[in-house]
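Have a look at the structure below before the remarks.
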Amino acid sequence: MALLDIINLKTYFPSADGLVKAVDAVDLRIENGERLGLIGETGCGKTVLGMSIIRLLSSSTRIQGQIIYKGRDLLGLTEDEMRLLRGGEIAMILQNPTTSLNPVLKVGDQIAEVIRLHGGLDKKAAKAKAVEMLAATMIPNPLMRADQYPHELSGGMKERVMIAMGLAGQPSFVIADEPTRGLDARTKAEIVKLIRDMTAGRSMLMITHDLKAAGEACDRIAVMYAGELLEIASAELILSDPCHPYTQGFVHSLPSRGLQPIPGSSPSLIDPPSGCRFHPRCPRSMDICQREHPPMIRLHKGDFVRCFLCT
Amino acid sequence: MNEFARNLSWPVLFGLLLLSLFMILAALAPLIAPYDPWEPGRPFLPPSGTHPFGTNDIGQDIFSELVFGARISLFVGFFASFVSVAIGTLIGLFSGYLRGAADEVLMGATDIVLIIPALPLMIILAAHTSPSIWNIVIVIGALWWTSTARVVRSRVLQLREMPFVEAARGLGAGDCYIVFKHILPNTLQVIMAKFILAVAGAMLTEASLSFLGLGDSMQKSWGMMLSYAFSRGGFINGYWWWYLPPGICISLAVLGFVLIGFGLEELNQDETAVNPL
Amino acid sequence: MHLIEVLDLKKYYSTGFINRQYTKAIDGASFCIERGETLGLLGESGCGKTTLGRLLLRLIEPTSGKISFDGTDITRLSRKGMRSLRPRMQMIFQDPESSLDPRMRIRESIAEPFKLGLRGKMSRSEMDENIMGLIETVGLNPEHLNRYPYQLSGGQNQRVALARILAINPEFIVADEPTASLDVSVQAQILHLMMDLKREFGLTMLFISHDMEVVRHMSDRIAFMEKGRVVLEG
Amino acid sequence: MTDRTGYLACQSLRYAISLFIIVTLVFLIPRMMPGDPFISLLGEEVYYRSPELVEGLKAQYGLDRPIAEQYLSYLNNLAKGNLGYSFHYSQPVWEVIAYKMKWTFVLLIPSVILGAIFGIVMGAAAGWWRGSGRDTGITSLFLFIYSLPHYWLAMLSVLIFAFCLELFPLSGITGGGLAGLAKLRDVLWHMALPVSVLTLFGAAYNFFIMRSSVVQISGEGFVLTARAKGLRERDVLFKHVLRNAMLPLVTVIALDFGFMVSGALLVEIVFSWGGMGTLIYDAVFARDYPLLHGSFLVIAACVLAANFLADLLYAVLDPRIRGGVQA
């Protein structure tokens, strides 16, 4: 049985210009011990999808569908039941460590807070465990770092603290939101390796716009575009031979793969294009793509694609 | 239009309503007031059909005093606020834009003025000058600018580091052009909120100074009415119609400004708030 | 011929009120850029590459050293002399939205160089004609002109910034990680546009980035920067 | 550590300069204002009633000497605690003030503390539940209080609670003729109304600062992190939001002390509370300038001291100053 099964998830929220359909009928399954990368461009709804799972969206958001986690529908839980899962069962590593860490608390205490909450340890033991967690992130001199405040750490170190904090509650499932954003090449490579090592044996959803990082840290990759998933396949397949024209375009726009741009710009989530949402920008668009919304087609063992060309 | 309508939250709307009420009162004072507010008559008359709010110790009609008082109180409020916000804006702009030594001196001065207890100093200044409405405007203006200066400065410091200001400098534009074309327009929103709140503060301060006997006895402001009601026995003898109406007027007029200012600041805060997504 | 020549450039920052400490942001940089060439400047965050870009345009003052632009030592120029030279050198910033005045419509932002008289006296209709030409060059629609920066996407704003720079018609451009905040597909669009513009207008460029692959695509020569020093030039 | 010392040195210097400027202002204002400066220095009462006394006093105070010399002797007198002589009270200014100041503090200190607590609690609640019915209710109430002139609310409270309901005394500090515990109880009973009025104003002031601070902090990323950890809402508020909101409040409460002094002066007058307020009120009517100057100096010194203490406290509390980096 899958660890997480998202069925027909719709997350809409009102805005001044209309209803934003940030996540529109998404189906996604994550197996036990599987690490899935969720790839997409800014504003395609990938962060909202992560926030929908851990239910940290503002109260004006409307969520429909089912998120079955270990047999329970998360959307049916009360706020208190959900809270007990957060940080312990399901952890989220939020994006931008500079704003996501509390500026007036020592980083060691911020990590220990999770351990005390979900590990039932006393204050001293939790602090010791927090230092252990920091050591596991390969931060130099963890004992000293634990007693420092966020502003005393570099960007890369703060990201390590975020990772230590996310994993401190021994979660079965981790959602990591853009863990490599804003880091330079060397630090990025180190953080990706760290994430891969530290999530071994756990399940993970890694939200990122960095295809290279996702390819290195994840087993499978799901590609999101304008609120819906377009393709799900193993990481190697997505990187080497993707089927969907958008994924192809995305891969080819990487500087290392030719820097070939996809023409046009991402559509609005309020009023997405008819038919296939990618058709206005698609180099291989056909008549049917304008008229009909392509269904998600299962290719073989867990690979899916939403394109008329790939049948 | 849509955007404008969205800005009108309930505090702003209610504030504008109160404000327009008092503006009309002030503008049409000679038409609304039944009597000349200076004309003496029978003293201490309680409210009646001929004198809706009764009369004071020398028989002046309190309702007429109130109507004309709106002019003075609003005038002092607006002008003192204008003076203080103008000073504060200039100091904040210079300090934030020039930085360095100019900033240290100006902000040092601001910090000093900020911690000097304002009312006691105003009392001394007012006690040494002849009581006139202009002196009150100047005294309030000269001591109320600190918070504007601080807010404007921190906004300017933020703005001058923004790439678009650097880009403007890259065009070869001069400092004046940059300050007035790029920095000031982006600061107006906070200045506006400060201005509105300063009007409220100035009206309250005028009332306090008048109450202490430092007001302009040649002008009928609400503060002066309260001052007389208190010092000439209206309060002790329980002539409530003498001291309640001017107090209510000050409170409501100030409330109008405070509501608008509060609404604007909430709006500014919403704009700077982090998007939850 | 060298358009830019940098000789032993240094920029130190001092911190601390009582115990003065110096941070060496740029510690002796020397290099040149040929006319029409793109020099890629590669380095990790905090190595001083942004500081170097700003120094070249004298948006900040160097501690010591020499920067020649077209034979003139700009570190010696007066404020006034510098102001007249500024339009010939421009900068593209990392965050496109904040590089445009949030209170100005796109049209005003692009028109600003014309209004400041950088391209000589111009009638209203000439200005409109020029603006239309520019937005077409950078791939925007006329409908974008009446919007504000916050109403456009990052890629669109970066196009506006490029249009504005073209309106100024500079010879030298410092591009400071112009695509670092953009998505890969948009990054590819903007970089292609920049390469086209460079070719069409014969621009000289310093292209700053931390992405090796991007710098390789964009540059004729690459310089590496580490801890305030330009270490290798190839 | 050195940076903290540096910070404190800077602050000390700032307060020293402030004090110096205040002292100099008091010296200069009467001498710069139009009209005969002797009126301003000796008070109208003396000046008009006994011209021969004025001549003697001029010589005695050295008012006929050059201004620099006057300034030095003024500073010298201040250093000795000599604030001048009040002819209205026929007493040295310092002695008058020292007695009255005590009673102002009796009103002020409980009001500042209660106002801070009340305002912070309500502000935190309103900010945390921003936009809810609770927030609208509490905020409207404080907007209204904020808009009332201090002394007018005092008059209203006398009208309602003393005149009409006869729950509290009309005015004064004590009914007199009492001693010991009975006197203390009587004073507390007399204090109830003025302290309540002042507390409301202190609370309103702190309320808005706290509310907007909590609103702002609630939108920060680390609050989301705290929720993602599985913390209870109560713990998110207390351990993360308030911890960040409380810090700047230390300085705010100190500044607030300055505003509260002004408020207390006005409220005292209404309640005929024999403190600095009534003193200044009488001094204004008698144009007793030496007393006015002295009062201002003493009040300003107290406010400076409060702010200085707050800055010291802030330096101890904020890790960003403690660590050396000023954010």
Side-chain angles (χ1 to χ4, degrees), chain B residues 10-11 14 108-109 111-130 200 203-205 207-208 211-214 222-223 226 229-231 235-236 238 240 243-244 246-248 250-259 262 265-266 269-270 272-276, chain D residues 14-15 17-18 21-22 25-26 29-30 32-35 40 136 139-140 143-144 146-153 155-156 158-159 163 170 208 212 215-216 219-221 224 254-255 258-259 261-263 265-266 269-270 280-281 283-285 287 289 292-293 295-296 299-300 302-304 307:
Chain B
W10 70 266
F14 193 56
D111 281 347
I112 287 165
V113 177
L114 187 71
I115 46 177
I116 295 179
L119 189 69
L121 181 56
M122 286 181 196
I123 292 171
I124 295 203
L125 284 172
H128 279 289
T129 49
S130 54
M203 288 178 68
L204 284 174
T205 312
S208 299
F211 181 69
L212 286 166
L214 295 163
W222 294 328
L226 274 173
F230 184 76
S231 65
F235 178 58
I236 291 172
W240 55 269
Y243 64 88
L244 282 188
I248 291 171
I250 296 179
S251 305
L252 288 183
V254 169
L255 183 65
F257 286 104
V258 168
L259 282 172
F262 173 79
E265 287 202 334
E266 283 275 288
Q269 191 154 30
D270 277 340
T272 51
V274 188
N275 192 327
Chain D
R14 209 188 102 198
Y15 285 105
I17 296 176
S18 305
I21 287 179
I22 287 167
L25 263 181
V26 170
I29 288 172
M32 278 171 22
M33 290 300 166
S40 306
T136 311
T139 305
S140 313
L143 280 169
F144 186 65
Y146 196 80
S147 308
L148 299 172
H150 288 75
Y151 60 89
W152 193 66
L153 182 63
M155 285 159 86
L156 270 189
V158 171
L159 175 71
F163 267 131
L170 287 173
F208 288 106
S212 88
V215 166
Q216 191 205 329
E220 301 265 356
L224 203 57
L255 272 181
F259 292 105
V261 171
S262 305
L265 300 183
L266 294 160
I269 297 167
V270 175
I280 291 177
Y281 188 64
V284 166
F285 272 88
R287 288 292 189 262
Y289 290 103
L292 279 180
H293 297 159
S295 305
F296 171 62
I299 290 172
C302 289
V303 172
L304 284 189
N307 279 281

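Naming: A, B, ... by sequence-line order, numbering from 1 per chain. Since we're looking at a predicted model, the values are computed, not measured.
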D:Ile22 and B:Ile112, any side-chain heavy atoms less than 4.5 Å apart:
no
If we define contacts as heavy-atom pairs under 4.5 Å, which of B:Ala253, B:Gly247, B:Pro120 has the most with chain D?
B:Gly247
So which of B:Ala109, B:Ala118, B:Ala207 has the biggest tally of heavy-atom pairs under 4.5 Å with chain D?
B:Ala207
Are side-chain heavy atoms of D:Ser140 and B:Trp10 found at a separation under 4.5 Å?
yes
Would you say the side chain of D:Trp152 lies within less than 4.5 Å of the side chain of B:Ser251, judging by non-hydrogen atoms?
yes
Do the non-hydrogen side-chain atoms of B:Tyr243 and D:Leu159 ever get within less than 4.5 Å of each other?
yes
Largest heavy-atom contact set with chain D, pairs under 4.5 Å, which of B:Leu114, B:Val113, B:Leu119, B:Leu214
B:Leu119
Region of D:Ile280 that comes under 4.5 Å of a non-hydrogen atom in chain B
side chain
Proximal component of D:Tyr146, with respect to chain B [non-hydrogen, under 4.5 Å]
both
Is chain B contacted by the side chain of D:Leu304, its backbone, both, or neither, given a heavy-atom distance below 4.5 Å?
side chain
Report which part of D:Phe208 has an atom under 4.5 Å of a heavy atom belonging to chain B: side chain, backbone, both, or neither.
side chain
Is B:Trp240 close to D:Phe163 at the side-chain level, that is, under 4.5 Å between some pair of heavy atoms?
no
Under a 4.5 Å cut-off applied to non-hydrogen side-chain atoms, are D:Arg287 and B:His128 in contact?
no
Which bit of B:Ile115 is near chain D, if near means a heavy-atom gap under 4.5 Å: side chain, backbone, both or neither?
both
Report yes if some heavy atom in the side chain of B:Ile124 is under 4.5 Å from a heavy atom in the side chain of D:Leu25; otherwise report no.
no
Of all of D:Val270, D:Asn307, D:Val261, which one pairs up most often with chain B through heavy atoms under 4.5 Å apart?
D:Val270
Can you find a pair of side-chain heavy atoms, one from D:Leu148 and one from B:Val254, that are under 4.5 Å apart?
no
Is chain B contacted by the side chain of D:Ile269, its backbone, both, or neither, given a heavy-atom distance below 4.5 Å?
both
